[in-house]
Engineer: 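Got a structure for you, questions after.
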Amino acid sequence: MKIISDIQELRDHLRGQNRASFVPTMGNLHEGHLSLMRIARQHGDPVVASIFVNRLQFGPNEDFDSYPRTMQADIKKLEKEGVYILFAPTENDLYPQPQEYRVDPPEQLGDILEGKFRPGFFNGVCTVVLKLFSCVQPKVAVFGKKDYQQFMILRQMVRQFALPVEILPGETIRAEDGLALSSRNGYLSIEERTEAPNLLKALQDIRNKVIELQERNINTLTSLEQAAMKFLSERGWNPDYIAIRLQRNLAPPTNANLEANEPLVVLTAAKIGKTRLIDNLEI
Ligand code: AMP
């Protein structure tokens, strides 16, 4: 595997390749990331991964400085997956000047759910992903459905800018007890780690109840969301949101949408101790 930090050197290495597949990450790799590498390998050649902890997507009180950086272990994992190039730019490589040109996603997708609780987050994500696409120029890029809203926003960005990249989803990879794998799981104490699978349990409860409902309407869904918030709060969590939304645009469903049986997804973000976890489940 070639490890490259310089944009020009990356371009030199990829010159003439028009089938590259790409998996951007922030490192501290786990099976969730590696599952995306395997999807990338099936859909393109060579596979390019990136590791870059992107300051633009962290809020002032978030964990940019303490975000786990485990480059040596990550390199070994990527080598095993047959990744051809690891693009690992420094901040100076990717942002030699302050990044003043930004991609701002539309309010109705970028300022809801995660965007509401993390202002500027999706602006930072879209900006870095557009820039990474410009560096790698992949044919295919793979993103995890663990970050459901991020996946949708990036797919829409690619459509609206007519970028010549196909965006593919990867299913969420979980620990045996159901907790979605995440670099931030490493922050959990033993007690918090034991409690953490209840986040998925809250989502599963909602999904089961929605499926069983005789009559789906906005009121019944709202009361399910509220009951799940209460369930988590009583167990010591600090939930930001639990929201049942339309899969196609993440808007709150109307009664007409519900009558038409449009596909739904339930999304959540909640803090346990100091650690903020997110998860979602399609219904
Ligand atoms: P991150 O390093 O957290 O920025 O994530 C890099 C990519 O891995 C993103 O596309 C994430 O959605 C994806 N990812 C993170 N955790 C998981 C998981 N548990 N299962 C599948 N994909 C994941």
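Side chains are part of it too, since the values below use all heavy atoms of this structure and drop only hydrogens, waters and symmetry mates. We count ligands from 1, going down the list as the structure has it; atoms in each ligand are counted the same way.
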Engineer: Can you confirm, on distance only, whether ligand 1 has an N/O atom lying under 3.5 Å from any N/O atom belonging to Gly144?
Structural biologist: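 Yes, Gly144 has an N/O under 3.5 Å of an N/O on ligand 1.
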
Engineer: Record the part of Ser182 in heavy-atom contact with ligand 1 below 4.0 Å; permitted values are side chain, backbone, both and neither.
Structural biologist: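 Looking at Ser182 and ligand 1, no heavy atom falls under 4.0 Å.
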
Engineer: For Gln204, does the CD atom sit with more than 12 other heavy atoms under 6.0 Å from it, leaving out its own atoms?
Structural biologist: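 More than 12 within 6.0 Å, yes.
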
Engineer: Any donor-acceptor pair under 3.5 Å linking the side chain of Gln247 with the backbone of Val265?
Structural biologist: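 It does not hold such a pair.
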
Engineer: Within ligand 1, which atoms have a heavy atom of Pro24 less than 4.0 Å away?
Structural biologist: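 This gives 6 (C), 7 (C) as the contact atoms.
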
Engineer: Would you say ligand 1 has an N or O under 3.5 Å from any N or O of Leu181?
Structural biologist: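 N/O-N/O distance below 3.5 Å exists for this pair.
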
Engineer: Just let me know how Glu171 lines up against ligand 1, side chain, backbone, both or neither, with a heavy-atom cut-off below 4.0 Å.
Structural biologist: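 Only the backbone of Glu171 comes within reach of ligand 1.
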
Engineer: Tell me the contacting part of Val23 for ligand 1: side chain, backbone, both, or neither, using a 4.0 Å heavy-atom threshold, strictly below.
Structural biologist: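 For Val23, there is no contact with ligand 1 at all, from either part.
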
Engineer: Please list, in number order, the atoms of ligand 1 under 4.0 Å from a heavy atom of Thr172.
Structural biologist: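 What qualifies from ligand 1 is 20 (N), 21 (C).
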
Engineer: Is Ala180 in polar range of ligand 1, meaning some N or O pair under 3.5 Å apart?
Structural biologist: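 It does not: no N or O of Ala180 is found under 3.5 Å from an N or O of ligand 1.
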
Engineer: Below 4.0 angstrom from a heavy atom of Leu36, which ligand 1 atoms are there? Numbered from 1 as shown, please.
Structural biologist: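 Within the 4.0 Å cut-off of Leu36, ligand 1 contributes 7 (C), 8 (O), 10 (O), 13 (C).
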
Engineer: Flag yes if more than 12 heavy atoms outside Ile211 fall under 6.0 Å of its CD1 atom; otherwise flag no.
Structural biologist: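 Result for CD1/Ile211: enclosed.
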
Engineer: Just going by heavy-atom distances, which of Ala175, Gly32, Ala49 is nearest to atom 18 (C) of ligand 1?
Structural biologist: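 Going through Ala175, Gly32, Ala49 one by one, Gly32 has the nearest heavy atom to atom 18 (C) of ligand 1.
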
Engineer: Going by side chain to side chain contact (heavy atoms under 4.5 Å, CB included), name the residues that satisfy it together with Asn28, two or more places apart in sequence or in a different chain.
Structural biologist: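 Side chain to side chain contact (heavy atoms under 4.5 Å, CB included) check on Asn28 returns Pro68, Thr70, Ser183.
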
Engineer: Nearest heavy-atom pair of His43 and Lys139: which atoms, and what distance?
Structural biologist: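 Scanning both residues completely, I find the closest heavy atoms to be O-NZ, 3.3 Å.
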
Engineer: Regarding ligand 1, does Phe143 bring an N or O atom to under 3.5 Å of one of the ligand's N or O atoms?
Structural biologist: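 No, there is no polar N/O contact under 3.5 Å.
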
Engineer: Does His30 come within less than 4.0 angstrom of ligand 1, counting non-hydrogen atoms of the residue?
Structural biologist: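 Yes, that is the case, since the closest heavy atom of the residue is under 4.0 Å from the ligand.
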
